[in-house]
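What follows is a set of notes on a single structure, which appears directly below.
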Amino acid sequence: MQRTYISGISERKDGDEVTLFGWVQEIRKLKKLSFIVLRDHTGTVQITIKPENVSGYDQITSVNRESVVSVRGNVSFNSGAKAGVEITARDVKILNTSEAPLPLAIFEGIQSDFETRLNNRSLDLREPFHNLIFRIESSLLWGIRKYMHEHDFQEVHTPKIVASATEGGANLFQVRYFEREVFLNQSPQLYKEMLMASGMDRVFEVGPAFRAEEHNTVRHLNEFTSIDIEMSFCDHNEVMKVLEESVNSGLKEVFERYGEEVRKINPALEIQKLPFPRVTYRECIRLLSDEGVEAKFGDDFSPEQLRLIGRHFPGFYFITEWPSEVRAFYTMPKPEDPEVTNSFDLQYGERELTSGAQRVHDPKMLEKRLVEKGLNPEDFNFHLNAFRYGMPPHAGWAIGLERLTMILLNLPNIREVSLFPRDRTRVVP
RNA sequence: GCCCCGAUAGUGUAGCGGCCUAUCAUACGAGCCUGUCGAGCUCGUGACACGGGUCCAAAUCCCGUUCGGGGCGCCA
């Protein structure tokens, strides 16, 4: 007995016997026969059940919606079913029943609140679109991973449990670690740099990052998936190239697999020609001032300002050469203009996707930058040690997988792209 | 952290001082009908977040609490 997926039925011949597994999405009970709409992760199909063909007819046709069943039956292409095909059941087994009523509306033409959906996330994910989001995310990541492997990047896994609140900036979650207090890492940054000192040359990591920020917005999560790379003997320009190429590789994979669906969800999305436009931070300030909006050098752009800038650059573009005030201590100053850095953000319209930069590789300069940022170099000894015995010049970036997927599908809330989102208040389920 | 907004059946909503023993849809239950396919029809089930106050009268107005949504700030 071999399982057939619902999407595979169309390849069968009329009369073929198939065995399907799935959920009962709908039951229509008539006098002389009944119909079940059966769903698996590949689609839905109508099952025709006649009392004379199956045993346990009454029990089968009175099962609650969303119960799990197996169906053995024959493919029928000439049945009058609107979909053009249906299955004439020979044997239906109830594998597990579902309670009723359901705690949220999935197939009733009613849009439940996101809150209700998240409280019942496993049920919510049965809804084909919600499910599709994650298959697309998986393809996207696969496309990026493929690019990394093809370009000689080694996938690594750095610790998420770390000893000290090191990097300044974002707040860390404190957790108990036996008799000590430790932290959940906010980024693999320091570790992937240390791997440059170990001669790994090109690494990438896909893993969770934790931010104890009390933000309450549609684009922030307190736990998200970070795609990180670090690369030796290169500057920011080379990793920007890696970034745009890998993003395109991810998009290509998505279009190959889910092109039809994605074009429906977000018709504006396309694989953009390389290179993506580059605009410097200073140019952005000028651009804003031309529009009559004051922007002070040394400040980050506000959402409002990013909206204005984004209007000039539909799609992907880089904002480069950020002032050192708004960049982390490890960011390399631009040699011929040290007020700014060899850094960049990848943007999509008004939305920020990535931060990256060439890093400081000289331990003396790194120490100096730590002090300038008000941090204590002592706390960074584990990191600085890696720089004392021959650290190559290097650069890298980090991109949020959820942000990227959200932009791709033009979704209004990043939580849609997280299976079980962690935000300011939600830690369950 | 600041500002604004909200909470009515399982789900999603209408109502915004008396016409509310609260609308509609969907769900759920009973039945009728029909190769159905967003099925149709009939009947039924089911709710004003919590606590206080104002008022002759509160789902409706006020205060507090809890929970939620959005914006900003913060945020590699």
Side-chain angles (χ1 to χ4, degrees), chain A residues 25-38 44-50 61-62 64-66 76 78-86 88 98-120 123-124 127 166-172 185-190 192-193 209-222 224 226 228 230 299-307 322 324-331 341 343-346 352-357 359 373 396-400 403 412-413 415 423-426:
Chain A
Q25 189 170 118
E26 208 178 324
I27 303 178
R28 281 188 286 273
K29 205 169 175 177
L30 278 63
K31 190 157 231 169
K32 282 174 285 192
L33 77 171
S34 293
F35 300 97
I36 284 180
V37 176
L38 184 76
T44 57
V45 68
Q46 175 166 287
I47 314 290
T48 303
I49 307 173
K50 294 182 175 163
T61 55
S62 59
N64 286 336
R65 291 157 69 228
E66 294 303 315
S76 168
N78 315 300
S79 56
K82 271 199 178 158
V85 64
E86 67 176 14
T88 308
S98 167
E99 289 179 23
L102 301 170
L104 79 165
I106 332 179
F107 300 101
E108 293 155 26
I110 290 170
Q111 185 70 349
S112 295
D113 286 346
F114 201 18
E115 163 85 1
T116 309
R117 289 177 42 209
L118 289 177
N119 285 338
N120 301 280
L123 260 179
D124 176 55
E127 199 281 318
T166 47
E167 297 178 44
N171 294 116
L172 293 123
N185 210 175
Q186 61 182 219
S187 137
Q189 183 58 36
L190 301 185
K192 61 183 185 169
E193 286 194 70
F210 304 91
R211 303 278 162 90
E213 295 297 336
E214 302 203 352
H215 34 48
N216 181 18
T217 80
V218 291
R219 57 188 183 281
H220 292 278
L221 291 167
N222 292 288
F224 65 94
S226 180
D228 267 84
E230 204 67 33
D299 281 351
D300 218 335
F301 295 120
S302 70
E304 178 60 33
Q305 291 169 332
L306 284 175
R307 265 189 287 278
W322 292 77
S324 35
E325 292 99 302
V326 294
R327 287 285 155 160
F329 69 88
Y330 49 76
T331 310
T341 54
S343 61
F344 57 89
D345 276 7
L346 178 65
E352 181 193 334
L353 273 171
T354 307
S355 276
R359 326 293 192 187
K373 286 277 174 187
W397 45 256
I399 186 165
R403 285 242 180 127
N413 193 324
R415 295 169 184 86
D423 61 28
R424 179 71 187 81
T425 51
R426 180 175 288 279

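Residue numbering restarts at 1 for every chain, and letters A, B, ... go by the order of the sequence lines. Everything quoted here is computed from the prediction, not taken from an experiment. Side chains are part of it too, since the values below use all heavy atoms of this structure and drop only hydrogens, waters and symmetry mates.
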Just checking [X]: base, sugar-phosphate only, or nothing, at a heavy-atom cut-off of under 4.0 Å?
X: Val218(A); value: sugar-phosphate
X: Glu86(A); value: base
X: Arg327(A); value: nothing
X: Asp124(A); value: nothing
X: Glu214(A); value: base
X: Ser302(A); value: sugar-phosphate

Using a cut-off of less than 4.0 Å, is there contact between a side-chain N or O of [X] and OP1 or OP2 of [N]?
X: Asn216(A); N: C74(B); answer: no
X: Arg219(A); N: G71(B); answer: no
X: Thr425(A); N: C67(B); answer: no
X: Arg424(A); N: C75(B); answer: no

Side chain of [X] only, please: which of [options] is the nearest?
X: Ile110(A); options: G35(B), U26(B), G70(B); answer: U26(B)
X: Arg307(A); options: C72(B), G10(B), C75(B); answer: C72(B)
X: Leu30(A); options: G10(B), G12(B), U34(B); answer: U34(B)
X: Arg28(A); options: G35(B), C74(B), U36(B); answer: U36(B)

CA sep, side-chain torsions, deciding dist, call: Glu230(A), Arg359(A), side chain to side chain contact (heavy atoms under 4.5 Å, CB included): CA-CA 10 Å; Glu230(A) 204 67 33; Arg359(A) 326 293 192 187; 2.8 Å; yes

Please state the [atom1] separation for the pair [N] and [M] - nearest whole angstrom.
N: C2(B); M: A59(B); atom1: P; answer: 33 Å
N: G6(B); M: C48(B); atom1: C1'; answer: 14 Å
N: G69(B); M: U11(B); atom1: P; answer: 16 Å
N: G18(B); M: C33(B); atom1: P; answer: 45 Å

Which is more 5' along RNA chain B, the nucleotide nearest Arg403(A) or the one nearest Phe35(A)? Just name the residue. Phe35(A)

Looking only at heavy atoms, the pair that brings Ile27(A) and Ile36(A) closest together is CG1-CG1, 4.1 Å

Can you see which heavy atom on Phe114(A) is nearest to which on Arg415(A), and at what distance? CE2-CB, 3.4 Å

Is it the case that U11(B) (base atoms only) and Gln111(A) (side chain only) share a donor and an acceptor within less than 3.5 Å, ignoring hydrogens and angles? no

With distance as the sole criterion, do the side chain of His215(A) and the base of C74(B) form a donor-acceptor contact below 3.5 Å? no

Please give, in whole Å, the distance from C67(B) P to Asp423(A) CG? 13 Å

For Asn64(A) and G10(B), what is the distance between atoms CG and P respectively, to the nearest whole Å? 17 Å

Apply the test side chain to side chain contact (heavy atoms under 4.5 Å, CB included) to residues Val37(A) and Arg28(A): give CA-CA distance (whole Å), side-chain angles for both, the deciding distance (0.1 Å), then the verdict. CA-CA 8 Å; Val37(A) 176; Arg28(A) 281 188 286 273; 3.8 Å; yes

Just need the stems in RNA chain B: three or more back-to-back Watson-Crick or G-U pairs, each with both distances under 3.5 angstrom, sorted by first number. B:1-7 with B:66-72, B:10-12 with B:24-26, B:27-32 with B:40-45, B:49-53 with B:61-65

Enumerate the salt bridge (Lys or Arg N to Asp or Glu O under 4.0 Å) contacts for residues 111-120 of chain A, please, sequence neighbours excluded, ordered by first and then second residue. Glu115(A)-Arg426(A), Arg117(A)-Asp124(A), Arg117(A)-Glu416(A)

Could you walk me through whether Glu352(A) and Phe301(A) pass side chain to side chain contact (heavy atoms under 4.5 Å, CB included), step by step? CA-CA 11 Å; Glu352(A) 181 193 334; Phe301(A) 295 120; over 6 Å; no

Mind checking what makes salt bridge (charged side-chain N to carboxylate O under 4.0 Å, His left out) contact with Glu108(A), not counting sequence neighbours? Arg65(A)

